[in-house]
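As the structure lists them, so they are numbered: ligands from 1, and atoms in each ligand from 1. Residue numbers count from 1 along this sequence.
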Amino acid sequence: MSGNITFTIIKPTAVSQGYIGPILNKIHQGGFRISAMRMLWLTRGEAEHFYEVHKERPFYTDLVDFMTSGPIVVAILNKENAVEDYRKLIGATDPEKAEEGTIRKEFAKSMQENAVHGSDSDENANIESSFFFSGLQRF
Ligand code: CMP
């Protein structure tokens, strides 16, 4: 059965370019409710841990450098079928392949600086949400 939460990050370039508001607007228009949100600057250790699954990939060090280059916004989004619906809303990892109207098509700069992260499964949505938010920080 599909879950009702997903986890997202608005990444450093999207934050520094002033896209927090426009991206949150897309999330709202997409029918998601924000149940937790905050702005923070990841430490290297935190970024390495979050992206541990990509540790052996050639882009891992660059990805960690990028994700620690400035503040990010993290949030938990609620909606029926949240993981799948949010992945549709954000579009393909590579913004050149993302469909018109998706968040990455409109706000991403490149495959790495792709504006937002979205969980790829219900299990990871729970793991990622718990990494950033305690129960008391979720509404
Ligand atoms: P994200 O959804 O946060 O999950 C892993 C991230 O790694 C991805 O978004 C991109 O930012 C980055 N990534 C994935 N594939 C590549 C690639 N081939 N080259 C560079 N960065 C990548």
Quiz prompt | Check: T93 and R104 side chains under 4.5 Å, non-hydrogen atoms | solution = yes
Distances only, to 0.1 Å: what are the N or O pairs between ligand 1 and the protein that fall under 3.5 Å?
unit_1, atom_1, unit_2, atom_2, d
ligand 1, 2 (O), R104, NH2, 3.2
ligand 1, 2 (O), H117, ND1, 3.2
ligand 1, 3 (O), K11, NZ, 2.7
ligand 1, 3 (O), Y51, OH, 2.6
ligand 1, 3 (O), H117, ND1, 3.0
ligand 1, 9 (O), K11, NZ, 3.0
ligand 1, 9 (O), N114, ND2, 3.2
ligand 1, 11 (O), K11, NZ, 3.0
ligand 1, 11 (O), M111, O, 3.4
ligand 1, 11 (O), Q112, O, 3.0
ligand 1, 11 (O), N114, OD1, 3.4

Quiz item: For I72, which fellow cluster members are found when Ile, Leu, Val, Met, Phe, Trp and Tyr are connected by side-chain heavy-atom distances below 4.5 angstrom, either directly or through intermediates?
Solution: I5, F7, I9, L40, L42, F50, Y51, F59, Y60, L63, V64, F66, M67, V74, I76, F131, F132, F133
Quiz item: Taking atom types as modelled and ignoring hydrogens, do the side chains of S110 and E113 form a donor-acceptor contact shorter than 3.5 angstrom?
Solution: no
Quiz item: If you link I, L, V, M, F, W and Y whenever their side-chain heavy atoms are under 4.5 Å apart, who else ends up in the same group as V15?
Solution: I10, Y19, I20, I23, L24, I27, F32, I34, M37, M39, V73, L77, Y86, L89, I90, I103, F107, V116
Quiz item: Cut-off 3.5 Å, side chains only: do K11 and N114 have a donor facing an acceptor?
Solution: yes
Quiz item: Cluster partners of M111, using ILVMFWY side-chain heavy atoms under 4.5 angstrom, listed by chain and number?
Solution: none
